[in-house]
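Let me give you the structure first, and then I'll get to my questions.
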Amino acid sequence: MAKKLPLDVYKEIYLKVPRLAVELLIKNQNGVLWVKRNIPPGQGLWYIPGGTVLLDESIEDALKRIGREELGVEVEIIGFIKVLDWYKSKDVTGHPISLVHEVRIVNGEIKLDNQSSEYRYFEGLPENSMDAYSDLPLK
C-alpha cells in the first residue's frame with residue numbers, strides 16, 4: 001500500500017536523488033486550470049497540480065490521488081503529454097522529474113487543500129508561474 005514519507009525522511013532522500021512526480025493538466029473551454037501555491041517552495045506562483053509518486057503506487061493511481069487530495073475531485077486520464085525536468089529550477093526543492101498527463105474532472109467540485117490559495121483557468125501561461133512550464137502545450 002502506498003504511503004507518504006515523514007517530512008524529514010522525504011527531505012533527506014530527495015535532496016540527494018531525483019524524485020518522480022506527476023502533474024495534472026486540466027483543460028476546459030476557459031483554458032487550463034492553474035492553482036496558486038500557498039507553501040514554499042514557489043509560494044505565490046501559479047502551477048498545475050501535481051506531486052510525488054509514492055512507493056507501491058502506479059502513475060495512474062498517483063494522478064487520481066493528487067486530483068482527490070489537492071483539488072477534491074475525481075479525474076479521468078486522457079493521456080500522457082510530456083516529461084518536465086525541473087533540473088536546476090529555482091522554484092522547487094531538489095530535482096523532481098514530472099510526467100505531465102492531461103486529465104479531465106469527472107466528479108466533484110474543486111475544493112483546494114492547504115497547498116493552494118486559489119485556482120483559475122488561464123488561456124496560455126499565466127504571469128508569475130513556475131519556471132519549467134514555458135513549453136507546455138496549453139492550447
Subject >> From CA spacing to verdict: side-chain contact (heavy atoms from CB on, under 4.5 Å), L24, H101 >> reply: CA-CA 5 Å; L24 289 67; H101 286 76; over 6 Å; no

**OP:** Please determine if R104 and E74 form a salt bridge, counting it only when a charged side-chain N lies under 4.0 Å from a carboxylate O.
**Re:**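 Not counted as a salt bridge, because no side-chain N and carboxylate O are separated by less than 4.0 Å.
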
Subject >> Taking every non-hydrogen atom, the tightest pair across I81 and P137 >> reply: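 Looks like CG2-CG, 3.4 Å.
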
Subject >> Any E23 side-chain heavy atom under 4.5 Å of Y47 side chain >> reply: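 When only atoms from C-beta onward are counted, Y47 and E23 do not touch, as no gap falls below 4.5 Å.
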
Subject >> Test side-chain contact (heavy atoms from CB on, under 4.5 Å) applied to H95 and I97, step by step >> reply: CA-CA 7 Å; H95 179 188; I97 298 169; 3.8 Å; yes

Subject >> Distance, nearest 0.5 Å, that separates CZ of R65 from CD of E60 >> reply: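 Rounded to the nearest 0.5 Å, the CZ-CD separation comes out at 13.5 Å.
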
Original post:
Do V100 and L136 have side-chain heavy atoms sitting under 4.5 Å apart?
Top reply: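 Yes. Closest side-chain heavy atoms under 4.5 Å.
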
Subject >> Residues Y119 and E70: side-chain donor-acceptor under 3.5 angstrom >> reply: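 Not at all, the side chains of Y119 and E70 share no donor-acceptor pair under 3.5 Å.
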
Original post:
Are L63 and L99 close enough that some pair of their side-chain heavy atoms sits under 4.5 Å apart?
Top reply: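 L63 vs L99: side chains apart.
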
**OP:** With the side chain counted from C-beta on, respond yes when L33 and I110 share a heavy-atom pair under 4.5 Å apart, and no when they do not.
**Re:**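 Yes. Closest side-chain heavy atoms under 4.5 Å.
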
Original post:
Can you name the residues that form a salt bridge (Lys or Arg N to Asp or Glu O under 4.0 Å) with E102, not counting sequence neighbours?
Top reply: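 E102 satisfies salt bridge (Lys or Arg N to Asp or Glu O under 4.0 Å) with no residue once adjacent residues are dropped.
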
**OP:** Output yes when E109 and K111 qualify as a salt bridge under the 4.0 Å nitrogen-oxygen rule, no when they do not.
**Re:**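 Here E109 does not pair with K111 in a salt bridge, since their nearest N and O are not under 4.0 Å apart.
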
Subject >> Taking every non-hydrogen atom, the tightest pair across S129 and L45 >> reply: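 Heavy atoms of S129 and L45 come nearest at C-CB, 4.4 Å.
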
**OP:** Taking atom CZ of F80 as the centre, report whether more than 12 heavy atoms of other residues, nucleotides or ligands fall under 6.0 Å from it.
**Re:**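 Buried by this count: over 12 neighbours within 6.0 Å.
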
Original post:
Could you walk me through whether L138 and L125 pass the side-chain contact (heavy atoms from CB on, under 4.5 Å) check?
Top reply: CA-CA 7 Å; L138 300 174; L125 188 69; 3.9 Å; yes

**OP:** Using a strict cut-off of less than 4.0 Å between a Lys/Arg side-chain nitrogen and an Asp/Glu carboxylate oxygen, indicate whether D135 and K82 qualify as a salt bridge.
**Re:**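 So D135 pairs with K82 through a salt bridge.
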
Original post:
When I26 is tested against each of I78, V32, I105 for side-chain contact (heavy atoms from CB on, under 4.5 Å), which residue passes?
Top reply: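 That would be I105; it is the only one of I78, V32, I105 passing the side-chain contact (heavy atoms from CB on, under 4.5 Å) with I26.
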
Original post:
How long is the gap from CD1 on I39 to OG on S116, to the nearest 0.5 Å?
Top reply: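 Spacing of CD1 (I39) from OG (S116) equals 7.5 Å.
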
**OP:** Enter the distance from E69:CD to N114:CG here, rounded to the nearest 0.5 Å.
**Re:**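 That separation rounds to 10.5 Å.
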
**OP:** Decide whether V106 and L71 are clustered together by the hydrophobic rule: side chain heavy atoms of Ile, Leu, Val, Met, Phe, Trp, Tyr closer than 4.5 Å, transitively.
**Re:**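 Looking at the clustering, L71 is in a separate group from V106.
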
**OP:** May I ask you to test the I59-V53 pair for a side-chain heavy-atom distance under 4.5 Å?
**Re:**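 Touching, per the 4.5 Å side-chain cut-off.
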
Subject >> V35/L112 under side-chain contact (heavy atoms from CB on, under 4.5 Å): CA gap, chis, key distance, verdict >> reply: CA-CA 9 Å; V35 290; L112 300 175; 3.7 Å; yes

**OP:** Determine, using ring centers only, whether F122 and W46 are less than 6.0 Å apart.
**Re:**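 Under 6.0 Å, so yes.
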
Subject >> All pairs passing side-chain hydrogen bond (donor to acceptor under 3.5 Å, both in side chains) where residues 27-38 contributes a residue, at least two apart >> reply: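 Found none.
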
Original post:
Quick one: does L20's side chain get under 4.5 Å of T52's, heavy atoms only?
Top reply: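 No, their side chains stay 4.5 Å or more apart.
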
**OP:** State, to 0.1 Å, how close A132 and L84 come at their nearest heavy-atom pair, and which atoms those are.
**Re:**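 A132 and L84 have their closest heavy atoms at O-CD2, 3.3 Å.
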
